[in-house]
Amino acid sequence: MIKHLKISNYALIDTVEISFDEGLTIITGETGAGKSIIMGALSLLLGQRADVKAIRHADKKSIIEASFCIEGYGLDNFFTENDIDSYDTECLLRRELLPNGRTRAFVNDTPVTLAVLSALAIRLVDIHSQHSNALLLNPSYQLKVIDSLADNSDARNDYAEKFANYSKLSDELKQLRERIQKNKENEDYLRFQLSQLSPLNLNESEQEELEATHKLLSNIGEVKEKVWESCNLLGESNNSILNKLNKVQTLLEQLSDVFEPSAEYVQRLESAAIELQDIYENLNGHIDEMHDDPDELEKVEARLNAIYSLEKRYHVNTVGELIAIEKDLEKSLKEIDNSEEQLDELQSRLDEQTKVLKAAAERLTRTRKSAAEIFASKLETVAKPLGMKNLQCRVDFQQQPFGKSGCDAIVFLFAFNKNQQLVSAEKTASGGELSRLMLCIKSIIAEKMQLPSIIFDEVDTGVSGEVANKIGEMMKGIASTIQVISITHLPQVAALGAHHFKVFKQDIADSTVTNIKKLDSQGRILEIAQMLSGERVDNAAINNAKSLLKLS
């Protein structure tokens, strides 16, 4: 529920702070006092578009913030998904209007987008005004009402899961058909492309190997000459490195008796000689293997040219990418060759999933039809005391193709007079009747709404007498399960509140501002008496007010 609301620098408001409690809270005030300003500020907090003209002092920002008690409303996942800090049982919303026209939104002091703010707000409070009556004409809202009464979340979740599987298979089948059709149109070209790639029997590592071989064969003369010269320097001449190393080793061995470190150097020279000897022998072996082979060079060049040509044609840089293209071509042609089998197999799976989905949809429809009968009967009963004693209601079901919410298109049908044909609300209901119908519906679904708070903004306009009293009783009944805040002009409704605030204007030094105060018992008597009699409050009005408040 809403615990605290603070508005600053907004329209006619300098600063207003309101603390709310459970039960039914009444807000009254003369026309033009500023009740709509408070509702406008609260609407901004819940994500509606802002107007910079609403800023009272143009050089300062306007701030609207409210704290909500959210214990038991399961918002932890919402906070986690949107990376918002959780304050356990409390949630703080804040909207700032900046002088430059920009706005900022915060949840628990974490900056958020307006979309996130709105998504959270609709789970915290329901603002119902006369403009909200259009919801009653909205089929999706009507379905939401029936689902809330059907308590069918398990059936809806089961259907949603099966619909997701159905949609996935349906999309796969559609994409496969489109892909096969496209491939068939290009079949000759696909086979031509594959005929260029397949005969090469490409190997992913061969390009590097071929390029290395080509480089060697292209420079074989120079390579062979320099390898031979290296072998000659190492060990094939009297003045070779190995011969000189052997002489050094002999000289140091002769010093072993008089020069103690010589033994270590002799050992290290032996190791070096072994390594150099191995290098010499390996280089010598390469000389025997090196042959000037124009035919082999020609073959390597031809193979590389074929690879380079294909890489250029397909705009790739490696053999691996050519192999990937080849596999894609093979897959496409295989789909063409096996298209009937693939389509039949996927169609069979889709047909089976359709049966499963149809059964889930039928189960969901049954829960809705059962709830719809109860709803229609209950609405007729609840509405009768509100001046609609001849109301008849029926929920009409029409089957539609599978959708996210099932296969049900529903319409609320009404008749307000005897022997009148039942039709949709927009064809028969007046504005007042729509307003009272919505109030009745909110009363019926209050326990199922799972909303901490609901605000009724002058939904009782245009009624009086016993009907007004019944509307008040209905709001009081809703307030037994959730917090209700009602802005009203009816003394009968105001008298039923557990808490009462008055909105008023007052003059300050250089301007007029809107303010609000909580009324005590005496204040409530005077306010309701004034609502009954106008500006002049006499003893009769006060006694009447006490009577409404059930005070002696």
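Excluded from the calculations below are hydrogen atoms, water molecules and symmetry mates; all remaining heavy atoms, backbone and side chain alike, are included.
No donor-acceptor pair closer than 3.5 Å links the side chain of Ser309 to the backbone N or O of Asn305. Using modelled atom types, no side-chain atom of Asn246 and backbone atom of Leu242 make a donor-acceptor pair closer than 3.5 Å. Formation of a donor-acceptor pair under 3.5 Å by the Ser370 side chain with backbone atoms of Arg366 is not found in this model. Side-chain atoms of Ser348 do not come within 3.5 Å of backbone N or O of Asp344 as any donor-acceptor pair. Asn108 places no side-chain N or O within donor-acceptor distance of the main-chain N or O of Cys91, the cut-off being under 3.5 Å. Of the possible donor and acceptor atoms, none in the side chain of Asn243 sits under 3.5 Å from a partner among the backbone N and O of Asn239. In this structure, Ser167 contributes its side chain and Ala164 its backbone to no donor-acceptor pair below 3.5 Å. One N or O on the side chain of Arg95 and one on the backbone of Gln48 form a donor-acceptor pair closer than 3.5 Å. Counting only distance, with no hydrogens or angles, the side chain of Ser62 and the backbone of Asn9 share a donor-acceptor pair below 3.5 Å. Within the 3.5 Å criterion, the main-chain N or O of Ala272 finds no donor-acceptor partner in the side chain of Glu275.
A side-chain N or O of Ser453 and one of Gln483 form a donor-acceptor pair less than 3.5 Å apart. A donor and an acceptor atom, one from each side chain of Ser205 and Asn203, are located under 3.5 Å apart. In this model, a donor atom of one side chain and an acceptor atom of the other lie less than 3.5 Å apart for Gln347 and Asp351. Defined by atom type and a distance below 3.5 Å, a donor-acceptor pair is present between the side-chain atoms of Asn152 and Thr367.
Here the CD atom belonging to Glu345 is positioned 9.5 Å from the CG atom belonging to Leu176, to the nearest 0.5 angstrom. Atoms CG and CG, from Leu350 and Leu357 in turn, are 9.5 Å apart once rounded to the nearest 0.5 Å. Distance CD1/Ile64 to CD1/Ile7: 7.0 Å, rounded to 0.5 Å. To the nearest 0.5 Å, atom NZ of residue Lys404 and atom OH of residue Tyr159 are 11.0 Å apart. Distance check: Glu321 CD to Glu204 CD gives 9.5 Å after rounding to the nearest 0.5 Å. Atom CG of Leu297 is separated from atom OG1 of Thr213 by 10.0 Å, given to the nearest 0.5 angstrom.
Cys231 places a side-chain heavy atom less than 4.5 Å from the side chain of Tyr280. Residues Ser405 and Leu143 meet the side-chain proximity criterion, which asks for heavy atoms closer than 4.5 Å. In this structure the side chain of Val125 reaches within 4.5 angstrom of the side chain of Leu46, judged on heavy atoms. A 4.5 Å side-chain heavy-atom check between Leu120 and Leu124 finds at least one atom pair inside the cut-off. Side-chain contact between Lys215 and Glu211 is absent, with no heavy atoms from C-beta onward closer than 4.5 Å. Using a 4.5 Å heavy-atom cutoff, the side chains of Glu206 and Ile307 are in contact. Val52 is not listed as a side-chain neighbour of Leu97, based on a closest heavy-atom distance of 4.5 Å or more. For the pair Tyr10/Ile37, a side-chain contact is recorded, criterion being any heavy-atom separation below 4.5 Å from C-beta on.
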- request: Please step through side-chain contact (heavy atoms from CB on, under 4.5 Å) for the pair Leu322 and Leu197, ending with a clear verdict.
  value: CA-CA 8 Å; Leu322 287 175; Leu197 290 166; 4.2 Å; yes
task: Might you work through the side-chain contact (heavy atoms from CB on, under 4.5 Å) test for Val395 and Phe375, ending with a clear yes or no?
output: CA-CA 9 Å; Val395 181; Phe375 166 76; 4.0 Å; yes
- request: Please step through side-chain contact (heavy atoms from CB on, under 4.5 Å) for the pair Ile63 and Lys61, ending with a clear verdict.
  value: CA-CA 6 Å; Ile63 302 175; Lys61 64 184 176 182; 3.8 Å; yes
- prompt: Under the salt bridge (Lys or Arg N to Asp or Glu O under 4.0 Å) criterion, do Glu222 and Lys226 qualify, and how do the steps go?
  reply: CA-CA 6 Å; Glu222 180 184 359; Lys226 289 184 178 179; 3.1 Å; yes
task: Just do the side-chain contact (heavy atoms from CB on, under 4.5 Å) check on Asn82 and Thr110 with the steps written out, would you?
output: CA-CA 10 Å; Asn82 292 283; Thr110 301; over 6 Å; no
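In Glu178, the CD atom is crowded: over 12 heavy atoms of neighbouring residues, nucleotides or ligands sit closer than 6.0 Å. By the neighbour-count criterion of 12 heavy atoms within 6.0 Å, atom CD of Glu253 is densely surrounded, having more than that number from other residues, nucleotides or ligands. For Arg191, the CZ atom sits in a packed shell: over 12 heavy atoms of surrounding residues, nucleotides or ligands are nearer than 6.0 Å. By the neighbour-count criterion of 12 heavy atoms within 6.0 Å, atom OH of Tyr265 is sparsely surrounded, having that number or fewer from other residues, nucleotides or ligands. Atom CG of Asp59 has more than 12 neighbouring heavy atoms from other residues, nucleotides or ligands inside a 6.0 Å radius. Crowding of Glu172 atom CD: a count of heavy atoms from other residues, nucleotides or ligands under 6.0 Å exceeding 12.
Between Phe163 and Phe402, the ring centre distance reaches or exceeds 6.0 Å.
Taking 4.0 Å as the cut-off between side-chain N and carboxylate O, Glu301 and Arg303 do not count as a salt-bridged pair. We find that Lys369 and Asp408 are not joined by a salt bridge, their nearest charged nitrogen and carboxylate oxygen being 4.0 Å or further apart. Under the 4.0 Å criterion applied to side-chain N and carboxylate O atoms, Lys3 and Glu90 are assigned as salt-bridge partners.
In this view, Asp158 and Lys162, Arg363 satisfy the salt bridge (charged side-chain N to carboxylate O under 4.0 Å, His left out) rule, not counting sequence neighbours.
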